[in-house]
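A quick note: this is a predicted structure, and the numbers were derived from the prediction, not measured. Whatever order the structure lists them in is the order used to number ligands and atoms, beginning at 1.
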Amino acid sequence: MRQPFDVVVIGSGIAGLSFALKAAGAGRVAVVTKKEDKASATNYAQGGIAAVLSPLDDFESHISDTLVAGAGLCRREAVEVMVREAPRLIGELIELGVGFNRSPEASDGEGAGEAPDGGDPLHLGREGGHSHYRIVHVHDLTGAEVEQALVTAVSAHPNITVYENHIGLDLITEHYLGTTKHTVPGKHTVYGAYVLDSARGEVVAFPARITLLATGGCGQIYRHTTNPDISTGDGLAMSARAGCELANMEFMQFHPTSLYGTGDPAFLISEAVRGFGGILCNAEGEAFMAGEHPLKDLAPRDIVARAIDRQLKATGAPYVFLDLTHRSSSEIEERFPHIVTTCRELGLDPSRDRLPVVPAAHYMCGGIPTNLWGETVLPRLFAIGEVACTGVHGANRLASNSLLEGLVFAERAAIRVQEVLGAQGLDVPEPPPWDVAGTRLSREHILVSHDRMEIRNLMWDYVGLVRSTSRLLRAERRLSIITQEVEQYYRWTRVTAELLELRNMVQVALLIAQSALSRKESRGLHYVTDFPESVAELDGKDTIMPFDWGTVTL
Ligand SMILES: Cc1cc2nc3c(=O)[nH]c(=O)nc-3n(C[C@H](O)[C@H](O)[C@H](O)COP(=O)(O)OP(=O)(O)OC[C@H]3O[C@@H](n4cnc5c(N)ncnc54)[C@H](O)[C@@H]3O)c2cc1C
C-alpha cells in the first residue's frame with residue numbers, strides 16, 4: 001500500500017491551505033483538491049476579513065455584533081476565540097505577502113486601522129451588521145490575493161504535496177475494513193480517504209494518521225448561487241456517511257445582492273458596496289430598507305434578503321436595484337475595480353446605472369460539529385472552514401467572518417494535530433483496493449445532469465429564503481426518492497466526478513430539508529411561514545441531524 005501520510009487534507013481553500021502550512025512541521029501532508037489548487041470559494045471572496053484594528057473599535061463590539069447576527073445560536077467561547085485571534089492572523093497574512101489596502105493619510109478615525117506590521121494604517125471597510133469599520137481588504141479581490149499567497153507558500157513547502165484533480169470520495173473507516181457494514185454516529189475511526197484521480201478515472205486510497213476536511217460549502221445545491229462549481233457539499237456528505245451528525249443545516253445564508261442574470265455562479269455585488277453608501281431601491285426609486293431596520297441597508301443579511309424577497313413578491317419584478325450613482329466614478333473604481341469591470345462587460349456603469357440585484361444561496365452556517373480545536377466526534381477526523389460548525393455563526397453569519405473563521409480554526413486544528421501526532425503512534429490499517437466488481441461505465445449522463453438540475457430547482461422553490469411546512473414536506477419526499485435512485489445508480493456504475501457530486505448534493509439537500517422541518521420556529525436565516533416567531537426555549541439549541549441510511553433501500 002501507499003505509505004500512510006501523517007495528514008491528508010481534503011480541500012485547498014483558505015482553511016485547508018492555512019492548516020497545511022501550519023501542520024507541515026509535524027510530518028508529511030497531502031492536500032487533495034478537486035480541481036486546480038486555486039478553485040475554491042476563497043478565490044471568489046470580495047469584501048474582506050473582519051478584524052478589530054481601528055482605535056475606535058474593540059473586541060467586545062465585534063463579539064456582540066457576531067452574537068446579534070447569530071440570533072441566539074452562536075457559541076460565545078468560539079466567537080471570542082475567533083475575534084481575539086483576528087488582528088494577529090491578519091499580521092501573518094501580511095507577512096505571507098497579502099497586500100491589504102492602506103490609508104497612508106489617515107492616522108485615526110473609523111476607516112483606518114493599526115497595521116500589525118507597524119506600516120501605514122490599513123484601510124477598513126464596513127459591512128452589514130458591523131457597528132464599526134473593521135474589514136481589511138485588497139480592493140474587491142481579497143480572496144484571490146489570499147488564495148494566491150497561500151498557494152505560493154504551500155508550493156514551496158517541502159513537506160506538503162498537492163494532488164490536483166483528485167476528488168475525495170469517502171472516508172476510510174471500519175466499515176471499509178470489513179468490520180462493520182453501515183454507520184453508527186460517533187463510532188468509527190477515520191484512516192484517510194478514498195479519492196478519485198479524475199485524470200486516470202481510478203479510485204485510490206490515501207491512508208493517513210489524521211484526516212482533515214476543508215471542502216467548503218454547498219451553495220451549488222440551489223438554482224441561484226454565488227458559490228463556484230466545487231461547492232457541492234462533498235465533505236458534509238462524506239462525514240455524514242461515515243457517522244457524523246450534522247448541525248444547523250437549515251441555516252443557509254442567501255446573499256441579498258447577486259447581479260441579476262449573470263448565470264452560474266451568479267456574480268456577487270459585495271456587501272461592502274452598501275457599506276460604501278449603496279442604497280437598495282425598487283423600480284419606483286423607493287429606498288425600502290429605511291422602513292425595515294434601524295441599520296437600513298446595512299441590516300443583517302437575512303433581514304435584507306427577506307425584504308428584497310417581499311419587494312419581488314409584492315411588485316412581481318424580477319429584481320430590485322442597488323444604487324451607487326451618488327458616488328463618483330473614480331471613487332467607485334478605486335474601491336471596487338473588479339465589480340466595475342464586470343458590470344461594464346455587461347453594459348452597466350455603477351456610477352450611472354442602478355444595478356439589478358437578487359438574492360442567491362451563499363454560505364452554509366451549519367456543518368460538521370467540532371470543538372474549538374477542529375476535532376469532530378469521529379476519532380482522527382478534523383473539520384475546519386465552511387464545512388465545519390464551530391458555533392461562530394449561529395443562525396446567521398456576520399459578513400466577513402468566514403475567511404476569518406477559516407484562518408483561526410486552521411491554526412488551532414494544526415496545534416492539536418501536532419500534539420496528537422507527537423503523542424501517539426497512530427497505526428493505519430491497510431485499506432482494501434477500491435472494489436469495482438459489478439460496476440459498469442455509465443452511458444446515461446442525462447440521469448445525472450437531470451437529477452442535479454431537479455435538486456437545484458427543488459431546493460430553490462421549496463427550501464429557499466421563505467419556507468412553509470407543506471413545501472418542506474414535499475421537498476423531503478422528493479429528495480428521499482432521488483436519494484434512493486441515485487444510490488441504486490451509484491452501486492452499479494463506475495464512479496465519475498459528476499456522479500460523486502450528485503450523490504453528495506442530494507444527501508446534503510435532504511439533510512437541509514429535514515433540519516428545516518425539525519426546527520418549528522423562525523430564527524436568523526430560517527424563516528417558516530407556519531412558525532413566524534422565535535421560540536425562547538430554543539435559544540442555544542442546535543439542530544442535530546444524522547444521515548439516515550433507512551431512507552436508502554438497496
Ligand atoms: C462570491 C463569494 C464572496 C465571498 N466573500 C467573502 C468575504 O468577502 N469575506 C468572507 O469572510 N467570506 C466571503 N465569502 C465566503 C468565503 O469565501 C468562504 O466561506 C470561505 O472561503 C470558505 O473557505 P474554505 O477553505 O472552507 O472552503 P473553499 O474556499 O470553498 O475551499 C474548498 C476546497 O475544497 C475543495 N473540495 C471540495 N470538495 C472536494 C472533494 N470532494 N475532494 C477534494 N477537494 C474538494 C475545493 O476544490 C476547494 O479547494 C464569499 C463567498 C463567495 C462565494
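For an aromatic pair to be called close, the ring centres must be under 6.0 Å apart, and Y176 with H188 fails this. A centroid separation of 6.0 Å or more is found between the aromatic rings of F382 and F19.
Protein neighbours of ligand 1 below 4.0 Å, counting non-hydrogen atoms: I10, G11, S12, G13, I14, A15, V32, T33, K34, A39, S40, A41, T42, Y44, A45, Q46, G47, G48, H166, I167, G168, A214, T215, G216, T226, N227, I230, D234, L268, H362, Y363, G385, E386, R397, S400, N401, S402, L403.
Between H137 and H123, the ring-plane angle classifies as perpendicular under the 30° and 60° cut-offs. In this structure, W460 and Y222 have perpendicular ring planes: the angle between them is above 60°, well past the 30° mark. Below 30°, between 30° and 60°, or above 60°: for H130 and H62 the angle between ring planes is between 30° and 60°, a tilted geometry.
Judged by distance alone, the side chains of T232 and N504 never bring a donor and an acceptor atom under 3.5 Å apart.
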